[in-house]
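Shown next, in structure tokens, is the structure this report addresses.
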Amino acid sequence: MLALIHMKGKKVLIGITGCIASYKILHLIRLLVKAGAEVQVLTTQEALRFLSPLTLSTLSLRPVLSTLETEGRWNNHVDLANWADVFIIAPATANTLAKMVTGQSDNLILTSYLSARCPIVFAPAMDRDMYLHVRTQENIDLLKKRALHIFIPPVSGSLASGLEGMGRLPEPEDLFLDLKKALSPKPFLGKTVLLNSGPTYEFIDEVRFIGNSSSGRMGHALAQALVEQGAAVHLVSGPSHLPNPRGVKTQLEVKSADEMWAACAKIHPHTDFSIFCAAVSDYKPKVPQQGKVKKQSSPLSIHMIPNPDIAHALGKEKKKHQIHVGFALEDKTNLEEAERKRKYKNFDMIVLNTLKEKEGGFGSPKNKITLLKAKTKPIPFPLKTKEEIAYDILEHLQSLLPT
Ligand code: C5P
């Protein structure tokens with residue numbers, strides 16, 4: 001079974017070379033340390049013109065190493081390279097890329113690079129024309145072909161030189177995800193997934209709606225874990241105040257169940273598996289009113305009709321190679337009802353959670369679930385964060401995928 005990829009205890013070697021974008025690495029170090037990773041920073045001499053060793057060592061909780069020896073003591077690049085679970089060289093200048101290609105070893109980053117056998121994540125950042133220069137591009141192509149090398153392309157935007165274009169270092173949160181991806185096993189590599197998430201809003205008039213308090217947190221946690229584990233994720237999201245998950249293939253934002261149905265139906269035929277995590281409204285007003293309904297002294301009745309049941313409808317279309325996972329929110333733990341839903345909706349697995357859970361459930365960061373699969377005893381889990389639950393669900397989903 002797949003181990004949960006937390007950054008806790010992971011050993012991350014960071015090589016910073018001389019480039020203004022290095023300021024972003026300060027925040028990356030914070031993210032890693034907060035997530036429980038051990039961080040060792042190496043820099044070139046040029047990098048120290050941009051960042052102070054005191055800042056780097058304070059944030060990383062270790063002395064920063066910038067020379068082959070410190071106060072007469074050799075900084076053992078072999079030990080550093082063997083210690084690391086992953087080595088990220090970011091920002092990687094054109095100079096460092098060229099030296100990595102030719103195998104030069106005139107500083108601690110390069111000697112450690114030549115000794116490393118862990119994944120090497122390299123993220124070039126430089127001025128646009130320098131990045132597009134044929135020699136830089138050739139060097140990147142050569143490095144990409146090397147085993148265990150993971151290229152993080154720069155992004156386009158305004159550059160320190162004043163020019164616009166390619167060459168910016170990605171944001172620290174993106175680099176953090178790249179590191180998690182580098183460390184994760186990839187059971188879903190090459191797999192395409194439809195994931196719906198969040199609430200739906202069913203409009204009464206042009207400003208009012210009937211909705212529910214789903215935050216989209218569980219869906220976002222699933223999206224993130226799937227991305228880390230190699231899946232191409234198509235997220236269909238109802239309204240959510242959460243920041244968009246990073247690295248998904250497409251994200252379609254919808255409001256009503258009808259819109260969610262249309263988006264899911266389009267994607268579904270091209271998928272290997274689907275996760276129906278959305279809290280879809282069961283009913284919608286038959287005729288949404290134009291404009292804003294005026295206040296009256298008499299009671300107001302709204303004629304509601306059923307919404308499409310997305311999971312049930314797509315369950316009928318499910319092909320042999322496709323796997324479906326659904327959710328059931330019940331008032332209390334009701335295994336029979338969850339199993340009935342699993343069969344009715346043609347789910348291979350259903351995630352049962354209950355409303356009456358203290359500290360958990362709708363809109364909360366935590367939840368307590370039970371997994372139900374065909375021909376298997378229900379699998380209960382303790383109260384966990386939704387991020388942890390996402391990994392648990394994916395671990396069990398793996399066993400359902402055709403081999
Ligand atoms: O019947 P119930 O709403 O509890 O079923 C929950 C499961 O069905 C969830 O996976 C949810 O995403 C899905 N569902 C749906 N369309 C609806 C109602 C629920 O896809 N209209």
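It should be emphasised that the depicted structure is a prediction, and the values quoted were computed from it without experimental measurement. Hydrogens, waters and symmetry mates play no part in the numbers below; they use all other heavy atoms, side chains included. Atoms within each ligand, like the ligands themselves, are counted from 1 in listed order.
- Polar contact with ligand 1: present for Phe276 (N/O pair, distance under 3.5 Å).
- Residue contacts with ligand 1, taken as heavy atom pairs separated by less than 4.0 Å, do not involve Ile350 at all.
- Side-chain N or O atoms of Ser112 include none that pairs as donor or acceptor with a backbone N or O of Ala81 at under 3.5 Å.
- Although no hydrogens or angles enter the test, the distance criterion places no donor-acceptor pair under 3.5 Å between the side chain of Asp127 and the main chain of Met130.
- Applying the side chain to side chain donor-acceptor pair (under 3.5 Å) test between Tyr391 and each of Gln229, Lys384, Glu228 identifies Glu228 as the sole match.
- Annotation for ligand 1: atoms under 4.0 Å from non-hydrogen atoms of Asp282 are 18 (C).
- Backbone and side-chain nitrogen or oxygen atoms of Lys345 are examined, and one is located within less than 3.5 angstrom of a nitrogen or oxygen of ligand 1.
- In terms of polar-atom proximity, defined here as any N/O pair under 3.5 Å, Ala328 makes no such contact with ligand 1.
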Would you list the atom pairs, donor with acceptor, under 3.5 Å between side chains in residues 147-158 and any protein atom, with sequence neighbours excluded?
{"unit_1": "His149", "atom_1": "ND1", "unit_2": "Ala147", "atom_2": "O", "d": "2.8"}
{"unit_1": "His149", "atom_1": "NE2", "unit_2": "Tyr113", "atom_2": "OH", "d": "2.7"}

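- Atom 17 (C) of ligand 1 has Val280 CB, 3.5 Å as its closest protein atom, hydrogens excluded (heavy atom only).
- Here is the list of ligand 1 atoms found below 4.0 Å of a heavy atom in Pro308: 16 (N), 17 (C), 21 (N).
- Between Leu329 and ligand 1, not a single N/O pair is under 3.5 Å apart.
- Ion pair Glu46/Arg49 not flagged as a salt bridge, since none of the NZ, NE, NH1 or NH2 atoms sits closer than 4.0 Å to an Asp/Glu carboxylate oxygen.
- The contact set between ligand 1 and Phe347, taken as ligand atoms under 4.0 Å from a residue heavy atom, comprises 10 (O).
- With atom 11 (C) of ligand 1 as the reference point, the heavy atom nearest to it among Gly326, Ala278, Pro306 is part of Ala278.
- For a threshold of 3.5 Å applied to N or O pairs, the pair formed by Ala311 and ligand 1 contains at least one separation below that value.
- In Lys341, the part holding a heavy atom less than 4.0 Å from any atom of ligand 1 is the side chain.
- Remark: among candidates Ile275, Asn196, Ile310, the nearest residue to atom 16 (N) of ligand 1 is Ile310, based on non-hydrogen atoms.
- When each of Leu194, Val233, Leu222, Asn196 is checked for a side chain to side chain contact (heavy atoms under 4.5 Å, CB included) with Ile275, only Leu222 meets the rule.
- Ion pair Asp348/Lys373 not flagged as a salt bridge, since none of the NZ, NE, NH1 or NH2 atoms sits closer than 4.0 Å to an Asp/Glu carboxylate oxygen.
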**OP:** List the steps, then state whether salt bridge (Lys or Arg N to Asp or Glu O under 4.0 Å) holds for Lys292 with Glu206.
**Re:** CA-CA 6 Å; Lys292 184 175 169 229; Glu206 285 178 30; over 6 Å; no

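- Here the closest non-hydrogen pair linking Leu372 and Pro378 is CG-CB, 4.4 Å.
- Using a 4.0 Å heavy-atom cutoff, Asp309 is listed among the residues neighbouring ligand 1.
- Relative ring orientation between Phe188 and Phe273 is described as tilted, the plane-to-plane angle lying within the 30° to 60° band.
- The shortest contact between atom 7 (C) of ligand 1 and any protein heavy atom is with Phe327 O, 3.0 Å.
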